Amino acid sequence: MSDTVQSKYVLQTAGFDARFPYTNQTRHCYQNYTDYFKCIAAKGEDFAPCKQFKRAYNSLCPNEWIGKWDEERENGTFPASLEP
């Protein structure tokens, strides 16, 4: 008796990125995080392509890192420039 349960959520992971072909995904995570904030600074939060960066970093980065980076951004101590 195997019933199929359908979810209203679609689970996706970050797709292949040619910039990081065979490496540890830490840099991929960080790059997508910074790219997202650069993108929304340049185009606004409603710009659809920016959302791909957010999906990627949410998929690749541990929640603890995201929380730490968000806190650093708020305090002005984030180590990278997020200006477009």
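None of these values were measured; they are calculated from a predicted model. Quick note: residue numbers are just sequence positions, from 1.
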Distance, nearest 0.5 Å, that separates OG of Ser59 from NZ of Lys54: 14.0 Å

Within 6.0 Å of CG in Asn75, more than 12 heavy atoms from elsewhere: yes

Straight-line distance of His28 NE2 to Asp35 CG, nearest 0.5 Å: 9.0 Å

Salt-bridge present (Glu64, Lys68; N to O < 4.0 Å): no

From CA spacing to verdict: side chain to side chain contact (heavy atoms under 4.5 Å, CB included), Trp69, Cys61: CA-CA 11 Å; Trp69 294 337; Cys61 301; 3.9 Å; yes

By side chain to side chain contact (heavy atoms under 4.5 Å, CB included) - contacts of Lys38 (at least two apart): none

Any donor-acceptor N or O pair under 3.5 Å, side chains Tyr33, Asn58: no

Tell me which donor-acceptor pairs under 3.5 Å the side chains of residues 40-48 have, and how far apart each pair is, sequence neighbours excluded?
none

Results of salt bridge (Lys or Arg N to Asp or Glu O under 4.0 Å) for Lys51 - residues two or more places apart only: none

Interatomic distance, Asn32 atom CG to Arg27 atom CZ [nearest 0.5 angstrom]: 11.0 Å

Distance in Å, Tyr30 OH paired with Tyr57 OH, rounded so as to fall on 0.5 Å steps: 13.5 Å

Shortest non-hydrogen contact between Cys29 and Trp65, atoms and distance: SG-CE3, 3.8 Å

